[in-house]
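Here's the structure, in structure tokens; my notes come after.
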Amino acid sequence: ILPVLVPPAGAGLTWILLAVWTSAFFLFTGVKNLILLRRQGSYQAVHLLLVFGAGVLYFLGLIPLTPQIILFVALFFLFREFYFVLAPHYPQRLALTAAVEALLLTEIAWVLSFLSINFLAAASLVALTSYVIHDLMLHHFQGALSRQIILRNLTLFVALSILLALLPA
């Protein structure tokens, strides 16, 4: 993902960015139970960065063969891990929730691929949709889903979607 998002740079900057991406990936996959314990915001930020990166790879056409299937599988495993870490009390529902959300976001990515928008804006819309769905599902699993949370997420989604639509193609 690093060569896609960053223009060619000097050797020093490349190594710094590579270290940042490696540490973010390591924190997401390897040390989450030790370092990110009770740090839901950091975990969600790294997770959304990986969803954004998968979206960028999809919209640039860098996923070979059948990109929708590969995107679905990648998003499914990302979402399943996300829900197993942040909502561990409902293991029987988490895989189904992850599969439905991955299918929904894959379909959204497929529809966005037909529009003439920038690949970064399209990947941002996928990540934004993922954030809103995650927030709603986590509140639902905790039993704290209310009208105020739904309106807050809807307002955030509409406002940021309008902002992304105003970006130049």
Side-chain angles (χ1 to χ4, degrees), residues 1 21 23-59 63 67-115 117-167:
I1 296 173
W21 277 92
S23 62
F25 184 75
F26 181 72
L27 286 174
F28 180 69
T29 58
V31 196
K32 63 185 170 289
N33 290 331
L34 298 175
I35 297 220
L36 293 178
L37 187 64
R38 299 188 198 260
R39 293 201 172 105
Q40 184 177 358
S42 301
Y43 188 78
Q44 284 182 338
V46 172
H47 174 76
L48 286 176
L49 186 65
L50 289 175
V51 170
F52 175 77
V56 167
L57 290 176
Y58 175 77
F59 289 115
I63 300 177
Q68 288 85 10
I69 294 174
I70 294 173
L71 181 67
F72 171 76
V73 170
L75 289 177
F76 170 72
F77 285 120
L78 278 173
F79 297 157
R80 189 182 68 153
E81 178 68 21
F82 178 81
Y83 287 125
F84 275 119
V85 169
L86 294 180
H89 302 295
Y90 302 99
Q92 62 272 37
R93 291 191 220 169
L94 299 182
L96 179 63
T97 302
V100 169
E101 186 177 350
L103 180 65
L104 179 66
L105 287 179
T106 302
E107 292 296 323
I108 289 172
W110 179 69
V111 168
L112 287 174
S113 68
F114 292 117
L115 299 177
I117 59 174
N118 189 357
F119 70 96
L120 292 174
S124 297
L125 277 172
V126 171
L128 175 64
T129 306
S130 173
Y131 173 76
V132 169
I133 293 173
H134 285 337
D135 193 45
L136 290 173
M137 292 308 297
L138 287 175
H139 281 96
H140 171 69
F141 286 145
Q142 295 168 354
L145 188 61
S146 66
R147 184 175 184 198
Q148 180 184 5
I149 292 171
I150 293 171
L151 289 175
R152 181 191 67 193
N153 284 331
L154 184 64
T155 304
L156 177 74
F157 181 77
V158 169
L160 290 178
S161 294
I162 290 171
L163 179 69
L164 286 172
L166 294 176
L167 291 177

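- Between Gly55 and Ala123 the shortest heavy-atom distance is C-CB, 3.8 Å.
- No more than 12 heavy atoms of other residues, nucleotides or ligands lie within 6.0 Å of OH in Tyr131, so this atom counts as exposed by the packing criterion.
- When all heavy atoms are compared, the tightest approach of Ala122 to Leu112 is O-CD1, 3.7 Å.
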Donor-acceptor list for residues 140-153 side chains, cut-off 3.5 Å, not counting sequence neighbours:
| unit_1 | atom_1 | unit_2 | atom_2 | d |
| --- | --- | --- | --- | --- |
| Arg152 | NH2 | Asp135 | OD2 | 2.6 |
| Asn153 | ND2 | Asp135 | OD2 | 3.0 |
| Asn153 | ND2 | Ile149 | O | 3.4 |

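- Ring pair Phe114/Trp110 is perpendicular by interplanar angle, where above 60° counts as perpendicular and below 30° as parallel.
- The distance from atom OG of Ser130 to atom CG of Leu78, rounded to the nearest 0.5 Å, is 8.5 Å.
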Side chain to side chain contact (heavy atoms under 4.5 Å, CB included) evaluation trace for Leu138 with Phe82: CA-CA 10 Å; Leu138 287 175; Phe82 178 81; 3.9 Å; yes
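- Taken to the nearest 0.5 Å, the CZ atom of Phe79 stands 14.5 Å off from the CZ atom of Phe84.
- To the nearest 0.5 angstrom, Leu125 atom CG is 9.5 Å from Leu115 atom CG.
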Worked verdict on Leu120 versus Phe52 for side chain to side chain contact (heavy atoms under 4.5 Å, CB included): CA-CA 8 Å; Leu120 292 174; Phe52 175 77; 3.7 Å; yes
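- Atom-to-atom distance recorded for Ile108:CD1 and Ile133:CD1 is 5.5 Å, nearest 0.5 angstrom.
- For Ala121 against Leu164, the heavy-atom pair with the smallest separation is O-CD1, 4.1 Å.
- The side-chain heavy atoms of Phe76 and Thr106, taken from C-beta on, include no pair separated by under 4.5 Å.
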Per-pair distances, 0.1 Å, donor-acceptor, side chain in residues 98-105, under 3.5 Å, sequence neighbours excluded:
| unit_1 | atom_1 | unit_2 | atom_2 | d |
| --- | --- | --- | --- | --- |
| Glu101 | OE1 | Tyr83 | OH | 2.6 |
| Glu101 | OE1 | His134 | ND1 | 3.4 |
| Glu101 | OE2 | His134 | ND1 | 3.0 |

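- Within the model, atoms CG of Leu156 and CG of Leu128 stand 6.0 Å from one another, a figure rounded to the nearest 0.5 Å.
- Contact record, Leu86 with Gln44: CD1-CG, 4.1 Å, taken as the closest heavy-atom pair.
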